[in-house]
Amino acid sequence: MYEASQVEKKWQKRWADKGLYTAALHDETRPKYYNLVMFPYPSGDKLHIGHWFNYAPADSWGRYIRMKGYNVFEPIGFDSFGLPAENYAIKTGIPPVKSIATNCAKMEQQLAAIGTMYDWSKKVVTSDPEYYQWTQWVFLQLYKKGLAYRKRAPVNWCPSCNTVLANEQVVDGRCERCKHEVTKKDMTQWFFNIRSYAEQLLDFSELEWPEKTILMQKYWIGRSEGSTVDFEIKGHPNEKITVYTTRVDTLYGCSYVVLAPENPLVEKILTPEHKAAFDAYYEQTKKETDILRSAEGREKTGVFTGAYAVNPINGDKVPVWVADYVLMTYGTGAVMAVPAHDERDYDFAKKYELPITQVIKPADGSKVSLADGAYTDDGVLINSEDFDGVESEMARKKITEILKNEGTGDFKVNFKLRDWLVSRQRYWGAPIPIIYCKDCGDVPVPEEQLPVMLPENVDFVPRGKSPLAFVPEFMQTTCPRCGKPAERECDTMDTFVDSSWYFLRYPSARAKEKPFDRELTNHWMPVDMYIGGPEHACMHLLYARFIHMVMRDLGYVDTKEPFKRLVHQGLVTKDGAKMSKSKGNVVSPDEFVERYGSDIFRMYLMFMGPFEAGGDWNDQGITGVARFVDRFWTLMTNRKQMKASDIEESAMRDLQRNIHKTLKKVHDGIEAFTFNTAIAGLMEFVNEAMKTGIDTDSRKMMVRAIAPLAPHLAEEIWEFLGEKDSVFNAEYPEYNPDLLVEDSIEIAIQINGKVRGTITVAVGAEKDSVLVMAKAQDNIKKYLEGASIKKEIYVPGKMVSFVI
RNA sequence: GCCGGGAUGGUGAAAUGGUAUACACGAGAGACUUAAAAUCUCUUAUCCGUAAGGAUGUGUGGGUUCGAGUCCCACUCUCGGCACCA
């Protein structure tokens, strides 16, 4: 009987004592392999099944790669800054420093119980000053390069809680905690200019990433090619309205222009009799959150400004409106409205009875009715003077060129991607290393003064500003430039900044004088395999690429991309539903690990389904894996047939074939991250080998095969079989394709596409002899009687097909 | 609405265009046992049949092919992401 808990403790201790997984960071004799998982947030809840489902197979992958001869570096750490710890502090009064320390310790124990190869000596904790001083350093590098800047921007604001809310704290336009309606408030905040890297971020050529993730990032960045068009404003010779459009071919159909309510131009051109209406409308808009404003099927609203603009292509006078369907954050905050060829403009024009002029007709000559909607496809221009008959694509080019010549327009590439707002009016984050001096303005904290320490004696209760603003010892400082009294920035950084460079620090995690050892990091980068949830497709994975590109441009790293290969784990469900506290269907790993051990628990998670698809947890399902482990243990440790000579010759051949067939299945399964089929292969092997028996050499082969999937079990058997060194210092067994070949094989016989019988033929048998045998098969004979064969197909080793 | 997955036994799931349901759970029967648990053996898509065999079967409807879970077209449901991007 295999005693998992004893065995696992024994090996975990031995691994730690020997420092088996302390990476040989400078070893150049083996190719390096940086095997990384997205580090966890140390929450008060324990390690959940999702963590296990991510980390255990990721570790199996690392062990497999290690046995394949690579020098594997598998680090871990904690993404420990962030909202939950602060909210917990507000609720309980326990400072985040304390709760995080407790949670990390607890989680470290649980992570250790998985039996992973983590190199704990390289642990990184983002809320430790020894880490966040370098997050502040990263900020300063961006600042120096002009990539960090300040501007006013709206935040979600809860007037009742007196606090700024993150997007995820706004539920249906209301505050998550007090249910009060959320409004917007303008605040001056720090941004990273990620937009200037938009074009580079669209280059995915070096990445072995899921197609889906690349597509999501592409869409998120949202590159579009279009034109800007300048409209003069009647009575305002010094102002103009610049619009951005991807459909300049529809310019002759422009029947009005729309500005975003926040557009500063509105104030200037508004006529007195329309001021009251606009003010009311603007107030209304401010109250509505982005979420409400973009609600599906929302009716278009807007107000007339009283002003008129001039269409530069034909001199048409068109009214200027304000509507909240135009966003200040995209394009120029102004659009030319072509109701005939844009859905939103169409709805708006219908409602406010603005003219709808068709200027595009389908290229195939089919008729279009504008009675029930806009025609949004490309086509051929009509009602467009000189451009009548020109195709949309050509017209876009020609019209823009004319505008360009006249100085009223140009080609323009636009991005949906917005700059990254990094300011958080929060306590539990890395303070932004900036000092405000009355005389010198914004002054960066000199690098040698880092870290800007987060004070511990702080009142966390929200009072409308970052809690740090109420800590005079923190706020009051002197200007590094002129030495006069000055104030610190009281906001902290978004936690995505912390996690956008941690992988650079891991190899030199304890470095004192620098964020990372340039040589070491360059040796280990890029991350060869990055494993984590698909929810990070757009935020974390984009930010990390951006920061990495900046670091490269500053000369700190050589690699172009941080994460070479990326794999997302699927979701673990319970009875087909997502696990959640509110549903009460959360499965705790601990009790199962205690009962079955980590190997069995790990293997069951891998057996549930393909890694990238996730799986459905079943309390009883794990018993199948437990039974398998017992059978495997028995097969490998019983005293019978330890020598090959004790096994009959034909049984030995069967065994060999069985072994190599299994090795292939396991190899294919692990390589494809379909560990479920790898384990199924091993189960089949055990079922077979129980009949034939197995000798010591074969046992050693199979123990190595299972080792990445069941590390403790494998070590124990490896030792039992007389080996002194760790099985993870052994080589992974390769399969021999020559030994896979069967002597004879059963093939199917089809008549008109239906299987009517089978015959057993020798491998490599001639077509003619196989056909003769097939025709002689009892059941087939019946079908062939009195029928004429029109066609005979023979697929060697697979089947025979007769068409009659 | 748009983008991307997915849909196969009672359940989790296998299947380079070539015998659909491997492997496992569950269920049923049996062996061992005073008994139970554990373990072992057998059966297990549905329908007809004692059997041999046959019919029907991979969300729906078409198509390509000697042959389709797999490829093509149209659709339904479901999960995930995005959402007035001009």
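Proteins come first, then strands; the chains are lettered A, B, ... in the order of their sequence lines, and each starts at number 1.
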Q. Once you round it to whole Å, what is the distance between C1' of C40(B) and CG of Leu635(A)?
A. 15 Å

Q | Summary of ring pair (Phe, Tyr, Trp, His ring centres under 6.0 Å) pairs that have at least one residue in residues 659-680 of chain A, sequence neighbours excluded | A | Trp61(A)-Phe673(A), Phe611(A)-Phe673(A), His667(A)-Tyr735(A), Phe673(A)-Phe675(A)

Q) Taking a pair as Watson-Crick or G-U wobble with both distances under 3.5 Å, which nucleotide is matched to G18(B)? A) C66(B)

Q: Could you check whether Ser801(A) gets within reach of a base, just the sugar-phosphate, or nothing at all, counting any heavy atom under 4.0 Å?
A: base

Q.
Go nucleotide by nucleotide along RNA chain B from the 5' end; which of Gly624(A) and Lys791(A) gets its closest nucleotide reached first?
A. Gly624(A)

Q) Which nucleotide sits closest to the side chain of Arg627(A): G26(B), A86(B), C66(B)? A) G26(B)

Q. Reckon Lys798(A) touches a base, only the sugar-phosphate, or nothing at all at heavy-atom distances under 4.0 Å?
A. base

Q | Of the listed nucleotides A86(B), A24(B), U19(B), the one nearest the side chain of Met683(A) | A | A24(B)

Q: Figure out the CE/C1' separation between Met799(A) and A20(B), and round it to whole Å.
A: 14 Å

Q. Expressed in whole Å, how much space separates the C1' atoms belonging to A7(B) and A55(B)?
A. 25 Å

Q.
Taking the C1' atom in each of G26(B) and U11(B), what is the distance between them to the nearest angstrom?
A. 7 Å

Q. Which value, in whole Å, describes the distance between the C1' atoms of nucleotides U21(B) and G10(B)?
A. 14 Å

Q. Checking all strands, does Asn687(A) fall into the base, sugar-phosphate, or nothing category for heavy-atom contacts under 4.0 angstrom?
A. sugar-phosphate

Q. Any salt bridge between Lys782(A) and Asp778(A), counting N to O under 4.0 Å?
A. no

Q | Qualifying residue, where the test is ring pair (Phe, Tyr, Trp, His ring centres under 6.0 Å) with Phe601(A) and the options are Tyr596(A), Trp52(A), Phe53(A) | A | Trp52(A)

Q | Side-chain H-bond candidate by donor/acceptor type, Arg756(A) with Tyr783(A), under 3.5 Å | A | yes

Q) Leu740(A) CG to U16(B) P: how many Å, rounded? A) 16 Å

Q | Whole-angstrom distance between C23(B) and A13(B), as gauged at atom C1' | A | 8 Å

Q: Give a yes/no on whether any side-chain N or O of Asn676(A) is located under 4.0 angstrom from OP1 or OP2 of A22(B).
A: no

Q: Would you mind telling me which of C66(B), C84(B), A24(B) lies closest to the side-chain atoms of Arg344(A)?
A: C84(B)

Q: Assign Lys790(A) to base, sugar-phosphate, or nothing according to its heavy-atom contacts below 4.0 angstrom with the strands shown.
A: nothing

Q: Could you run through nucleotides 47-55 of chain B and give me one letter per nucleotide, 5' to 3': B if any protein heavy atom sits under 4.0 Å from the base, S if only the sugar-phosphate is that close, - if neither?
A: ------SSS

(Q) A side-chain contact here means heavy atoms from C-beta on lying under 4.5 Å apart; do Asp345(A) and Met336(A) qualify? (A) no

Q: Name the closest nucleotide to the Val326(A) side chain, picking from A86(B), A14(B), C82(B).
A: A86(B)

Q: Grab the CD-P distance between Gln569(A) and C79(B) for me, whole Å please.
A: 20 Å

Q: Kindly assign one of parallel, tilted or perpendicular to the pair Tyr256(A) and Trp321(A), based on the angle between their ring planes and the thresholds 30° and 60°.
A: perpendicular

Q | Most 5' of Trp220(A) and Ala680(A) on RNA chain B, judged by nearest nucleotide | A | Ala680(A)

Q) For G6(B), which nucleotide in any strand shown is its Watson-Crick or wobble partner with both distances under 3.5 Å? A) C77(B)

Q) Is any N or O donor-acceptor pair between the side chain of Lys578(A) and the base of C79(B) shorter than 3.5 Å? A) no

Q | In G9(B), glycosidic geometry as syn within 90° of 0 or anti otherwise | A | syn

Q. Choosing from A86(B), U19(B), C66(B), which nucleotide comes nearest the side chain of Thr245(A)?
A. A86(B)

Q: In whole angstrom, give the distance that lies between atom CD1 of Ile747(A) and atom P of G18(B).
A: 15 Å

Q. What parts of residues 599-618 of chain A reach RNA chain B, counting only heavy atoms under 4.0 Å away?
A. Phe607(A), Met608(A), Pro610(A), Asp616(A)

Q. Taking the same atom, C1', in C71(B) and in C79(B), what whole-Å distance lies between them?
A. 25 Å

Q. Phe632(A) has an atom CZ; how far is it from atom P of U39(B), in whole Å?
A. 18 Å

Q: For Glu535(A), report the nucleic acid contact type (base, sugar-phosphate, nothing); a contact means any heavy atom under 4.0 Å.
A: nothing

Q.
Please check if the number of heavy atoms outside Lys754(A) that lie under 6.0 Å from its NZ is greater than 12.
A. no

(Q) Heavy atoms only, 4.0 Å cut-off, all strands: where does Leu215(A) land among base, sugar-phosphate and nothing? (A) sugar-phosphate

Q) When we call it a touch if two heavy atoms are under 4.0 Å apart, what does Thr623(A) touch: a base, just sugar-phosphate, or nothing? A) sugar-phosphate

**Q.** Euclidean distance for P, G6(B) against G59(B) (whole angstrom)
**A.** 13 Å

Q: Give me the one residue out of Val322(A), Val266(A), Leu327(A), Val303(A) that meets side chain to side chain contact (heavy atoms under 4.5 Å, CB included) with Pro261(A).
A: Val322(A)

Q) For atom P, what is the distance between G30(B) and A37(B), given to the nearest Å? A) 14 Å

Q: Answer with yes or no whether Gln750(A) presents, from its side chain, a donor or acceptor under 3.5 Å of a partner atom in the base of G18(B).
A: yes

Q. Taking the six-membered ring of Tyr219(A), is the NZ or CZ of Lys416(A) close enough (under 6.0 Å from the centre) and on axis enough (within 45°)?
A. yes

